[in-house]
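Every number for a ligand or one of its atoms is a count from 1 in the order of the listing.
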Amino acid sequence: MRIGTTLTNYIIQNQRHIDGATGEFTGLLNDIAVACKKIADLVNKGALVNVLGATDSQNVQGETQKKLDVISNELMIEALRHNGHIAALASEEMDSVYHLPANAPRGKYLLLCDPLDGSSNIDINVSVGTIFSILKAPEGVANPTEQDFLRPGTEQVAAGYCLYGPSTMLVLTTGNGVSMFTLDRDFGEFLLTENNVTIPAETKEFAINTSYQRFWDAPVRRYIDECLQGADGPRKKNFNMRWVASMVAEVHRILTRGGIFLYPCNSQLRAAGKTGKLRLMYEANPMAFIVEQAAGGAIDGQQRILDIAPDEIHQRIPVILGSRSEVELVQDYCRSGKA
Ligand code: P6P
């Protein structure tokens with residue numbers, strides 16, 4: 001009877017192509033997978049284990065933390081802090097960089113994560129996910145600072161997400177294409193179910209929260225209006241719309257059947273002093289790495305997300321990603337500024 005390729009075997013097989021690979025990278029991804037399996041278990045049990053609902057605390061973003069936001073963050077730390085594969089960790093749920101206990105061994109990687117993205121969907125039983133990004137740690141630094149994390153997305157050594165949906169799926173890139181693994185709960189292993197994922201260059205599906213339409217900049221309004229005009233308009237084809245309010249679910253749909261996801265900046269966000277909603281370091285960068293590795297595009301409207309030099313760990317940016325021809329069209333509109 002065939003078992004299939006487990007995540008661990010896949011990483012070991014692929015690690016052979018990485019110069020100087022010491023097995024530490026495999027250990028790190030295994031730790032992340034363990035955390036994701038535990039989070040998947042709690043997400044799946046929900047009310048049965050009293051993890052739904054909100055806490056009375058807010059994160060650095062000023063957003064009320066769901067119980068599972070806090071628990072998922074704690075599980076990610078617990079899975080990593082004693083195993084010697086990372087030197088430090090940054091998370092959406094923590095104001096500053098997490099430093100390992102003094103007696104914990106230090107590894108050669110930095111981990112950034114959104115432990116539970118889309119958590120507003122938890123209480124309504126809609127898909128949520130964990131997003132992670134891996135950078136090389138500075139050599140010989142026992143407690144890396146925020147500055148050590150502020151590297152452009154092109155320096156990521158790996159990125160991925162775990163989608164807690166009808167299936168629990170872990171999607172990963174190490175810079176050599178995108179692979180998808182599905183959790184077999186019977187024996188607790190992520191098994192390879194899709195390799196060399198490629199996003200169709202063309203699409204007829206867009207994802208944007210249209211409740212902000214009155215705040216959009218002209219180029220975004222022009223792009224969406226043209227999609228809505230359908231076959232009678234300049235695009236000469238009808239479009240479908242989706243909005244899950246869970247970036248991991250949106251990106252997974254786009255990896256699976258194409259599409260474009262837009263979370264642009266707008267006049268309302270700018271009035272609140274924000275440069276976007278989504279965070280560069282642990283949402284946009286990992287998703288941009290994955291999407292580009294699957295032949296898609298990922299921009300902030302003007303430039304490639306992966307080229308952005310970060311200013312601070314919780315920095316927000318506009319995000320437009322997905323089927324390359326659509327992303328390029330939006331970029332043309334944004335650069336020309338024409339309505
Ligand atoms: P809105 C979830 O809170 C999130 O960060 C992304 O996962 C999602 O795409 C977006 O925000 C949803 O934002 O404004 O539609 O609630």
### Query
Ion pair present between R222 and D225, side-chain N to carboxylate O less than 4.0 angstrom?
no
### Summary
Heavy-atom contacts under 4.0 Å to ligand 1, chain-then-number order, include exactly D117, G118, N209, Y212, W243, A245, S246, M247, F261, Y263, K277, L278, R279, E283
### Message
Side chains of S133 and Q156: any donor to acceptor distance under 3.5 Å?
### Response
yes
### Audit row: Y282, H314, ring pair (Phe, Tyr, Trp, His ring centres under 6.0 Å) steps and yes/no
CA-CA 8 Å; Y282 40 78; H314 298 295; 5.7 Å; yes
### Query
Crowded around I124 CD1? As in, over 12 foreign heavy atoms under 6.0 Å?
yes
### Query
Taking only residues two or more places apart in sequence or in another chain, which ones pass salt bridge (charged side-chain N to carboxylate O under 4.0 Å, His left out) with D307?
R304
### Query
Hey, are N240 and E205 close enough side-chain-wise for a donor-acceptor pair under 3.5 Å?
yes
